[in-house]
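These notes are about the structure you will find just below.
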Amino acid sequence: MIPVQLIQETAEALMDKAAIEIPQDYLDGLRAAAETEDGDLSSFVLKAMLENYEVAKEDRRAMCGDTGVPRWFVKLGNETQVEGGMVALEAALRRATANSTNDVPLRPNRVHPLWRTDHNNNVGIGAPEIEYGFEPEPEGEWIDLITVHKGGLFGTDYRMLFPSDGIQGIRRFYLDSLMAFGKRGLACQPAIIGIGLGGSKDICMTLGKRASTLRVVGSRNSDARIAELEDEFKELGNSIGMGAMGFVGKNMVVDCNIEVGYCHTGGMPMSVHAFCLSSRRAVARVHADGRVAYRTDPDWFTDYQRRETIDWAPVMEAAE
Amino acid sequence: MSAPREVRLSTTPTSRAIADLRLGDVVYLDGLMYTAREGVYMRALEDLANVPMELPSESAANFHCSPAARINADGSFDMGAVTATASFRFAKWLPEWMARTGARLIVGKGGMTSEDYKDYFVPNGAVYLSTVGYGTGALLGRGVERVEAVHWHEELGVAQAMWVIKCNRMGPFIVASDLNGDCLFERENAKIAENVARVYRGTKPAVMKRYGETDDRMDEVI
């Protein structure tokens, strides 16, 4: 049984880390981009961003004034139980979101879409989002808490493509999205770009969002042909000639991650998501005995999450 | 590759200081600056509330921003990170706002169109400064010497309130328009455009169109 108070304390620590500490994989990716950048203005922008990450850590100050929309991904081991049940877990995550909004401080970004009601704590109807995943391994009681503060009103799009659109149609929509949102830097690039392919419309969006926020720079899809596409799309995005803030440059995409789900036989839905220059994510695994291990890789897309079979029997498959 | 020119600028700048700015200059600000976005514009211009500052004598710098900040129980403030929000959405209020407040530095994210600059920035002697990144929230936060006041937070909420901050070498910002009405982002777009046909080569339009790709609602999308 995982103590609910430990979940809340860990969640508060994660809110703080996500807002202040840029994940190392993204930092390394952006440093590599800064080394290759030769546009005067875009180069200046990347240097300023790298300095900004240092200042944020030194001052324990949020790296960006726009908090984005803090949200939670929760993954549980198959045997895990939470003290007070899942309702208590959700209350703990909502309390942590509200407390950290005041304590860091974060900007209270969440308002009612029509009445613009603002509780000044990033909590409201459907906010923060909490999404769940389950894992067969490792055995034992554990829970992964993942917070993502994804920024950006811009940089996201969806389109229903069809099989006859093919890869060239996918390339086209990818470029359209980067062009539309990259100008003037509205997408806050260079960013981790996530592409969702397949699923139903809502799941297509979910896949793309998770591809951008729950996979680290340098990771590759376990399907070798999709991994090739990821490499190609990173290169394609960086060959537009557009850099940070939409200035002339050669770095638009720090990495490109693609996730797929089975879709209707007649369709090929596609979504594109840009995480931003403040790629805020933080992760902790909480164990029943009170141990907490912090990390920045959500490790969300396991073989189990990408399974194609009816039953999950990896050991049997390995034995065959 | 050359580093951009750095300029220190008062938030109550002289006409000459503004005229000296060139597209792409990097600016650091000193003096009082106030935040104003849709909430403040609507309250001041549509609900006709009195603006609770002497403008432009106290400040001619309008920041499109809502900071990550906290109002403490004792009335004091803690301001963490400071990042701008995209300015193009405020074009409908800006001409009247400038006329009423004498704002000459519009500071935000992403700039406006050269049409906006020529129509009402240039006649008001105003230019646009863009934040960098986006956003260098921690760097800009360091440039806030203190919070002078926050107005209308009860009516508008913390994020939409009018924050008045004292800037001390606050920056960096990039000059994105000048007194000719030229636009830095449009200049960059034009340079990038030369390469666009090449990267699109071989791709093909989607078999099903969307409205927006045709604006004639009599058309079909297939």
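All figures in this text were calculated on a predicted structure; none of them were measured in a lab. Protein chains get the first letters and strands the later ones, always in sequence-line order, with residue 1 at the start of each.
- Both the backbone and the side chain of A/F247 have a heavy atom closer than 4.5 Å to some heavy atom of chain B.
- Listed in order of number, the residues of residues 171-185 of chain B that approach chain A to under 4.5 Å between heavy atoms are B/P172, B/I174, B/C183, B/L184, B/F185.
- Side-chain contact annotation: A/R107 with B/S66, donor-acceptor N/O pair under 3.5 Å present.
- Side-chain contact between A/V248 and B/I192 is present, with heavy atoms from C-beta onward closer than 4.5 Å.
- Within the 4.5 angstrom heavy-atom criterion, no atom of B/S87 approaches chain A.
- Per-residue counts of heavy-atom pairs under 4.5 Å with chain A were compared for B/L139, B/T85, B/V199, B/V82; the largest is that of B/L139.
- Distance check, rounded to the nearest 0.5 Å: CG of A/D176 to CD of B/E213 gives 7.5 Å.
- Residues B/R70 and A/D103 come closest through the heavy atom pair NH1-O, 3.3 Å.
- Residues of residues 179-186 of chain A that come within less than 4.5 angstrom of chain B, heavy atom to heavy atom, are A/M179, A/K183, A/R184, A/G185, A/L186 in numerical order.
- We find the CG-CG distance between A/N102 and B/N72 to be 7.5 Å, quoted to the nearest 0.5 Å.
- Heavy atoms of A/L153 lying under 4.5 Å from chain B belong exclusively to its side chain.
- Between B/K109 and A/D66 there is no salt bridge, since no side-chain nitrogen of the basic residue lies less than 4.0 Å from a carboxylate oxygen of the acidic one.
- Note: B/T136 leads B/I71, B/N195, B/T136, B/L140 in heavy-atom pairs under 4.5 Å with chain A.
- Nearest heavy-atom pair across A/P105 and B/D78 is CG-O, 4.0 Å.
- Of the listed residues (B/R187, B/R210, B/E186, B/M208), the greatest number of heavy-atom pairs within a distance under 4.5 Å of chain A belongs to B/R210.
- Between chain A and the residues B/A159, B/P67, B/G39, the largest count of heavy-atom pairs under 4.5 Å involves B/P67.
- Here B/R142 does not pair with A/E51 in a salt bridge; the nearest charged N to carboxylate O distance is not below 4.0 Å.
- With a 4.5 Å cut-off on non-hydrogen atoms, B/V196 touches chain A through its side chain but not through its backbone.
- Contacts between A/R159 and chain B at a heavy-atom distance below 4.5 Å involve backbone atoms as well as side-chain atoms.
- Here the side chains of A/L175 and B/Y200 are in contact, with some heavy-atom distance below 4.5 Å.
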